[in-house]
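Taking it in order: structure first as structure tokens, then the write-up.
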Amino acid sequence: MADLDPGRYRDSDALALKWFQAGGRTIFVRPQDWEPTTSVGTLAGALLRDQGRTRDMAVLASLGQHHYLTTGHAEALFFRSARGAQRRMRKLEEWRLVTRWHQMEPRSVGGWRRHPDVFLLTARGATVLAHYLRSDPRPLIKRAFSAFQYAFHLDHALGTNGFFASLVQASRELPNQGLYHWLGDDGIRSAFQEHDPELSPDGFGRYLTADAEIGFHLEWDSGTERPQRLRAKARAALAAVRGHVLWVAPWPARELTIRSALERESSGRVAGFHTTHAGLLCAHGPLGPVWRPLEQDDRRPLSALPGRARGPLQIEDCLGKPGWWERRPGGTEGA
DNA sequence: TCCCCACGACTTTCTCGCTT
DNA sequence: AAGCGAGAAAGTCGTGGGGA
């Protein structure tokens with residue numbers, strides 16, 4: 001069994017998922033205030049001249065959709081090297097389109113471990129993005145401000161985002177697979193309006209294989225929710241979700257707790273629930289044989305889950321593939 | 001001495017506009 | 001269309017800070 005502490009994994013581990021977060025322990029060093037200024041002024045000219053503006057806008061769009069991206073997440077989605085991601089994010093920061101937080105995680109034995117910096121959209125970034133997308137900037141600014149001001153679930157968000165980023169990273173070199181859609185919780189909540197939006201899953205993904213489209217919702221568990229609430233979430237998913245729901249537990253025993261809650265709630269009904277835990281994800285990666293269906297013992301890879309026949313979506317347009325943002329300016333949620 | 005991350009310096013590759 | 005050059009972007013390597 002792999003060690004559960006993500007801090008123990010090294011770059012040399014073939015499938016190390018270095019940005020998986022340990023839940024709820026990290027502290028964030030952030031600027032005092034959110035910049036309320038929305039003037040874009042001289043920036044417009046610099047951006048228009050900039051060769052990488054399409055990618056920059058896709059970075060901003062992804063920040064608008066998922067709120068918190070680390071240097072590692074940005075690298076997985078948009079860059080081929082960590083240095084490239086660092087350089088570009090620094091530039092966006094200098095243009096005051098994004099703001100940066102440092103993360104430090106206290107170690108159990110004392111001391112601190114530095115994690116990659118976290119980037120958030122500024123008001124200026126939201127305005128520039130809205131201008132680029134020809135949309136109303138106000139909702140974008142409002143959501144970006146909320147992400148800055150009310151970052152209560154930041155660890156949880158980074159865990160969810162880290163899962164999808166690791167999926168992008170793991171599939172980017174595969175010629176006939178890829179993650180096409182990644183919807184954040186904002187995008188999913190609208191689909192849950194008829195139910196309790198508080199019970200909506202944490203993310204939605206559409207994974208393409210050679211002959212199938214596999215849609216799945218993600219539940220990223222922090223290990224703090226009571227079984228009662230787990231069952232409520234299971235009920236909501238049974239009512240509102242067609243397709244798979246993947247539950248990720250922080251440790252093996254917690255996975256068993258989740259499984260018993262799910263099995264109790266879904267007994268006798270068809271449920272596409274699968275579970276895993278962070279140790280397996282770190283050891284095998286998100287594409288490894290880690291997903292265990294309810295009332296079964298075997299674990300299977302994501303690509304082996306049943307899906308529907310491939311539609312017009314193209315593998316080469318999947319997230320992380322070369323230049324994907326050129327063809328999908330709407331970010332990870334767009335067509 | 002090692003780890004992790006950010007970043008500076010230098011080199012190489014790519015992109016774009018201009019000229020012929 | 002082809003060739004050229006300037007500047008931007010990307011690749012690589014080493015360093016530094018903060019920690020064990």
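Order of the sequence lines fixes the chain letters, A, B, ..., with proteins taken first and strands second; residue numbering starts at 1 for each chain. All values derive from a computational prediction rather than experimental measurement.
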Taking the six-membered ring of A/Y180 as reference, does the NZ or CZ atom of A/R328 fall below 6.0 Å from its centre and within a 45° cone about the axis? yes
With respect to the phosphate group of C/dA9, does any side-chain polar atom (N or O) of A/R88 fall under 4.0 Å of OP1 or OP2? yes
To the nearest angstrom, the CE-P distance between A/M104 and C/dG18 comes to 9 Å
Spacing of A/E93 atom CD relative to B/dA6 atom P, expressed in whole Å: 11 Å
May I have the step-by-step check of salt bridge (charged side-chain N to carboxylate O under 4.0 Å, His left out) for A/R235 and A/E265, ending in yes or no? CA-CA 7 Å; A/R235 276 197 303 279; A/E265 204 54 53; 3.4 Å; yes
Atom-pair distance (CZ on A/R55; P on C/dA8), nearest Å: 15 Å
A/R83 CZ to C/dA10 P, in whole Å, measures 12 Å
Whole angstrom value for the distance that separates P of C/dG18 from NE2 of A/H115: 18 Å
Heavy atoms only, 4.0 Å cut-off, all strands: where does A/R80 land among base, sugar-phosphate and nothing? sugar-phosphate
Is A/R87 side chain donor-acceptor paired with the B/dG8 base, going by distance under 3.5 Å alone? no
Quick check, are the ring centers of A/W182 and A/F163 under 6.0 angstrom apart? no
From the list C/dT12, C/dA10, B/dA6, which nucleotide is the closest neighbour of the side chain of A/R114? B/dA6
Out of curiosity, A/D297 CG to A/E295 CD, how far, rounded to the nearest 0.5 Å? 11.0 Å
For A/E326 and C/dA9, give me the distance from atom CD to atom P, rounded to whole Å. 13 Å
Take the protein atom CD of A/Q86 and the nucleotide atom C1' of C/dC13, then report the distance between them rounded to whole Å. 13 Å
Among C/dG11, B/dA6, C/dA9, the one nearest any side-chain atom of A/S81 is C/dG11
Rounded to whole Å, the NE2-C1' distance (A/H102 to C/dG18) equals 12 Å
